[in-house]
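Some notes on the structure that comes next.
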Protein chains: 2
Amino acid sequence: MDDVFRAIADPTRRAILDELVQRGGQTLFEICGRLVMKHGIRSSRQAISQHLEVLEAAGLVVAKKEGRCKFHWFNGKPLKAILERWPTDGRRS
Amino acid sequence: MDDVFRAIADPTRRAILDELVQRGGQTLFEICGRLVMKHGIRSSRQAISQHLEVLEAAGLVVAKKEGRCKFHWFNGKPLKAILERWPTDGRRS
DNA sequence: AATATAGGCAAGCAGGGGCTTGCATGTCAA
DNA sequence: TTGACATGCAAGCCCCTGCTTGCCTATATT
């Protein structure tokens, strides 16, 4: 639970989630490429790999390995608990 | 927007939000007391004050000063954008 | 077999964030 | 007015985190 909040605290990781929402099943190099193209993020492959580890640990990304490739998908379930924790309307309690 | 994610990344700040949702209009010392009582958080007054600054900057807390006292309320509006950014059902795109 | 591709592991660095400490400001009460 | 109370401001410390660098493993390709 704490991992989820920490995971989405980083702007690069949020961009990764955006990418995976738009197109699931991407590999590490594909993600790196799209982050450069569409978000101007020029971090190294290892940096993105570490971000994916964090996202996987939080359950926000699920991965499947096939041969030498690893494909990643977005998973929004862990976000549900966050949405239900605090009221999002304008009330001030 | 980035401030909102950063604000809710800290567990102490999330506890403060929980407290203010449960009871609005609390002062700094009241919040400190309740954090100790109900969450076991023994941070100093200044630490909590700095947390409140972050929450205010993110728009998650609104404050009103009256005399020497400052009262705080929770405001959930900034959270709406987060909820709408990513899908929260089980789909994997 | 040799090379290239996709990814993993680990150490090290630098910056930021949370916390503390100490002092200053402003307001209310006696 | 004097003192107590509620808060603000600023400097410093320490740890965590994001990033890089370098090397290693494993799977395809030719």
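Numbered from 1 within each chain, the chains take letters A, B, ... in sequence-line order.
Counting heavy atoms from C-beta outward, A/Arg34 and A/Arg23 have side chains that approach closer than 4.5 Å.
One cannot find a donor-acceptor pair under 3.5 Å joining the base of C/dT27 and the side-chain atoms of B/Glu66. For B/Arg13 against C/dG18, a side-chain-to-base donor-acceptor contact under 3.5 Å is absent.
For B/Ala47, the side-chain atoms get nearest to C/dT20 when compared with the rest of C/dA11, C/dT20, D/dA6. Nearest nucleotide to the side chain of A/Thr12, out of D/dT20, C/dG18, D/dC19: D/dC19. Out of C/dG7, C/dT21, D/dT21, the shortest distance to the side chain of A/Thr27 is found at C/dG7. Distances were taken from every side-chain heavy atom of B/Asp10 (C-beta onward) to each of D/dG18, C/dG18, C/dG8; the shortest belongs to C/dG18.
Between the CD atom of A/Glu56 and the P atom of C/dG7 there is a distance of 12 Å, rounded to whole Å. Rounded to a whole Å, the CG atom of A/Leu28 is 13 Å from the P atom of C/dC9. Distance CD1 (B/Ile48) to P (D/dA6): 16 Å, rounded to an integer number of Å. If you measure from atom NZ of B/Lys65 to atom C1' of C/dG26, you get 7 Å, rounded to the nearest angstrom. Going from atom CG of B/Asp3 over to atom C1' of C/dG16 covers 14 Å, rounded to whole Å. Look at CZ on A/Arg6: it is 18 Å from P on C/dG16, rounded to the nearest Å. Here C/dT27 presents its P atom at 14 Å from NZ of B/Lys70, a figure rounded to the nearest Å. When rounded to the nearest whole Å, the span between CD of B/Glu53 and P of C/dG17 equals 13 Å.
Regarding contacts with the backbone of C/dC19, a side-chain N or O of B/His51 is found under 4.0 angstrom from either OP1 or OP2. Taking only side-chain nitrogens and oxygens, B/Ser44 never comes nearer than 4.0 Å to OP1 or OP2 of C/dC19. OP1 and OP2 of C/dG7 both lie 4.0 Å or more from every side-chain N or O belonging to A/Ser49. For D/dA4, the OP1/OP2 oxygens have no side-chain nitrogen or oxygen of B/Arg68 closer than 4.0 Å.
No more than 12 heavy-atom neighbours from other residues, nucleotides or ligands sit within 6.0 angstrom of NZ on B/Lys80.
Atoms NE2 and CG, on A/His51 and A/Leu35 in that order, are 9.0 Å from each other to the nearest 0.5 Å.
Place B/Arg42 and A/Phe29 on DNA chain C by their nearest nucleotides, and A/Phe29 ends up nearer the 5' end. Two residues, B/Glu30 and B/Gln50, neighbour DNA chain D, and the one matched to the more 5' nucleotide by heavy-atom proximity is B/Glu30.
Residues A/Gln26 and A/Lys70 have side chains that never bring a donor and an acceptor to within less than 3.5 angstrom of each other.
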**Request:** Test A/Arg85 against A/Phe5 for side-chain contact (heavy atoms from CB on, under 4.5 Å), laying out the working first.
**Result:** CA-CA 12 Å; A/Arg85 178 163 182 172; A/Phe5 286 101; 4.0 Å; yes
